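Structure record follows, encoded as structure tokens.
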Amino acid sequence: MPRFDPFAGRTVRVAENLEPSFVHDEQVALARRKLAEFVARRGKRPNFLIFLMDDVGWGDFGCYGGGVAVGAPTPGFDRLAAQGLRLTSCYSEPTCSPSRATMLTGRVPHRHGLHRPPMYGEPGGLSGEVTLAQLLSSAGYVTQAVGKWHVGENAASQPQNVGFDDFYGFLSVSDMYTEWRDPHYFPEVVYSEARTEWIKNMPFNRCFVHAKKGGEAVNVEEVTIPVLSLLDDKWCAYSSDFIRARAGRKEPWLLYHCTRGAHFDNYPHEKFLASSPAKHPYKDTLIELDDIISRLTAVLRETGQAEDTLIFISSDNGPHMETWPDAAFTPFRCSKGSTWEGGVRVPGILVWPGMIEAGQASDGIMNFSDILPTLAALAGDGLQLPTDRYIDGVDQSSFLLAPGGDSNRKYHYYWLMQHFSALRCGEYKMMLRSTSDDEAGAWAPGGFTGVLQEHAYAKLYNLYLDPKESHNYMTRKLAYMEAFQLGIRSHLATFKKYPPKKVMGLAAADPRQT
């Protein structure tokens, strides 16, 4: 059977506020039948475990070409990839908070408004959005968030107020708790009592917290460097206890487990220090993360919930350039903070025993916005997506459940802060705006690297022949122009009825963003 061609395929828009998608009729019918049989057999809808790491590169795991070859074997991740579907074109946003918000809302950053991460207690966050946790709660799911949040520290944007029943983790990002404590990075603060007090008086919570739905976040412990090294272990234990507590219950659950690792600066748990062949903190942290996913999946098996649970494993963006050699491995161009492939192409592993066929790999496009509509489709036939806002994600349930299934997404849209940057269809990518590769030219906080470049003429890259995006193919491939121009025009036109949001400081304060 010939492979489906996304250029030639026609998409269907089922509602004005929903992204058009392919409809592969036979695969949809098969997926619906498998899901109905699952519900009849297990007596409930599936559980969902989202395991989201920080700054882990596309190529870090052995199943993506890294592992032993780059000084950090990952047998746990590799084993899970062999048990399910390994995506080679899974897309995040260029940096952490936009990615997380896109996953939780099904919307690109220019709609949810988190164009970049909030820093040091800065206002702006998820309040006003409809989240995956809220949708699943309405369908009877128990919802648990553990670990890094970083989509708003203000009370209205905290997990317990946007749909989660419980939260145990920190609200910000790893280095904000530790960089000013480490004399290697900040001697001028560590050795200055005045500057240390100045940092302590900044409006961000230096503790990790616990919160129940609708309640206030209660401080658990201040995140010092020794505490930070224990967080992933503590959070794994908390998630393990949650999974055990749900065994035998009738309600399905969502566990949104976000690790501290491997965001710089890495201080792995003492039992993982020098555990990697590379003998480097970042690589040691990868070994620790591999252990954590193995521990969580072991609890699923021990409690008889493995067959009930769809697992999605990924990273919130590409590797970080400015802290080499932390997260420096990617076969693609550039890194975190860019819309070159190295910034947004991330690992994507999906496992669901008996439902997702084992041993699959696919280059079908799937991005973080697809998680919300896909899980909503699996959670219940009557679960309705919001109708008052645009949803950029598409339902990928048939892609996952049909053996050898095709992606339902035609285009991937690349957004760089408030700038539309690029479009991908099939193996081709058209680039309009990008960042430079010069790490010395970083001009924005929150992981964005380089300087903004607006190309006088669009560039076209064949990602199969040229994953480093170094050879502009446009002159020889003009036949693709109309398909790309149509995709760009159609996407940007949706902002006329569904206007963009700006909820953060830099969006309004930096003259280059106006």
Side-chain angles (χ1 to χ4, degrees), residues 1-15 18-42 45-48 50 80-91 103 106 132 135 139 252 307-314 347-385 391-413 424-427 464 483 487:
M1 184 176 180
R3 180 183 175 191
F4 176 77
D5 190 329
F7 274 103
R10 289 183 172 273
T11 58
V12 176
R13 188 190 292 275
V14 297
L18 299 181
E19 177 73 9
S21 63
F22 297 123
V23 179
H24 306 288
D25 290 326
E26 291 184 6
Q27 295 173 20
V28 169
L30 174 61
R32 287 176 177 169
R33 185 168 65 251
K34 286 180 72 172
L35 185 59
E37 291 170 352
F38 170 86
V39 173
R41 182 172 69 250
R42 307 300 289 187
R45 291 281 170 168
N47 308 318
F48 304 121
I50 296 173
L80 286 166
Q83 294 170 0
L85 171 62
R86 177 173 55 88
L87 301 174
T88 56
S89 287
C90 180
Y91 284 95
M103 180 180 289
L132 174 64
L135 286 177
E307 292 184 7
D308 295 334
T309 305
L310 168 61
I311 304 170
F312 175 58
I313 298 167
S314 194
I349 298 170
L350 294 123
V351 183
W352 188 1
M355 295 294 286
I356 295 177
E357 188 173 80
Q360 296 185 95
S362 174
D363 196 52
I365 296 174
M366 183 168 177
N367 68 37
F368 278 12
S369 68
D370 297 339
I371 295 299
L372 180 141
T374 301
L375 299 196
L378 295 172
D381 296 330
L383 194 57
Q384 297 296 315
L385 299 179
I391 302 297
D392 296 279
V394 301
D395 174 12
Q396 298 275 26
S397 55
S398 65
F399 178 29
L400 307 185
L401 298 186
D406 295 300
S407 171
N408 297 308
R409 172 169 288 283
K410 184 177 182 76
Y411 297 116
H412 173 64
Y413 307 105
R424 178 180 174 182
C425 182
E427 73 274 31
Y464 287 167

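Keep in mind it's a predicted model, so treat the numbers as computed, not measured.
For the pair Thr374 (side chain) and Gln396 (backbone), a donor-acceptor distance under 3.5 Å is present. Looking only at distances, a side-chain donor or acceptor of Gln27 sits under 3.5 Å from a matching main-chain atom of Asp406. Formation of a donor-acceptor pair under 3.5 Å by the Lys34 side chain with backbone atoms of Met355 is found in this model. With Gln360 contributing its side chain and Gly404 its backbone, the two residues share a donor-acceptor pair below 3.5 Å. Remark: the backbone N or O of Gly426 is paired with a side-chain donor or acceptor of Arg424 at under 3.5 angstrom.
Rounded to the nearest 0.5 angstrom, Thr309 OG1 and Glu307 CD are separated by 10.0 Å. Note: Leu30 CG to Asp25 CG = 12.5 Å, rounded to the nearest 0.5 Å. Expressed to the nearest 0.5 Å, how far CD1 of Ile311 lies from CD1 of Ile50 amounts to 11.5 Å. Once rounded to the nearest 0.5 Å, the distance linking OG of Ser369 with OH of Tyr413 reads 9.5 Å. A distance of 10.0 Å separates SG in Cys90 from CD1 in Ile349, rounded to the nearest 0.5 Å. In this structure, Leu401 CG and Arg32 CZ are separated by 12.0 Å, a value rounded to the nearest 0.5 Å.
Paired with Asp308 under the rule salt bridge (Lys or Arg N to Asp or Glu O under 4.0 Å), one option of Arg42, Arg45, Arg41 passes, and it is Arg42.
Scanning for side chain to side chain donor-acceptor pair (under 3.5 Å) contacts around Tyr411 gives an empty result, with sequence neighbours left out. Residues passing the side chain to side chain donor-acceptor pair (under 3.5 Å) test with His412 are Asn367, sequence neighbours excluded.
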Practice prompt. Go through the steps for Leu375 and Phe312 under the test side chain to side chain contact (heavy atoms under 4.5 Å, CB included), then give the verdict.
Written response: CA-CA 11 Å; Leu375 299 196; Phe312 175 58; over 6 Å; no

Worksheet item: Can you check side chain to side chain contact (heavy atoms under 4.5 Å, CB included) on Phe22 and Ser407, steps first, answer last?
Response: CA-CA 8 Å; Phe22 297 123; Ser407 171; 6.0 Å; no

Practice prompt. Give the intermediate values and the outcome of side chain to side chain contact (heavy atoms under 4.5 Å, CB included) for residues Leu310 and Ile356.
Written response: CA-CA 9 Å; Leu310 168 61; Ile356 295 177; 3.6 Å; yes

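The minimum heavy-atom distance linking Ala377 with Ser397 is given by the pair CB-OG, 4.2 Å. Nearest heavy-atom pair, Asp392 versus Arg409, reported as atom, atom and distance to 0.1 Å: O-NH2, 2.8 Å. The two residues Ala31 and Ser398 have their closest heavy-atom pair at CB-CA, 3.7 Å. Minimum heavy-atom separation, Pro373 to Leu385: CB-CD1, 4.0 Å. Residues Pro46 and Trp352 approach most closely at CB-CZ2, 3.4 Å, considering heavy atoms.
The closest side-chain heavy-atom distance from Asp370 to Phe399 is not below 4.5 Å. Contact of the Lys410 side chain with the Cys425 side chain is registered, since non-hydrogen atoms from C-beta on lie closer than 4.5 Å. Within the 4.5 Å cutoff, the side chain of Thr11 has no heavy atoms near those of the Val394 side chain.
A donor-acceptor contact closer than 3.5 angstrom is absent between the side chains of Ser21 and Asp395.
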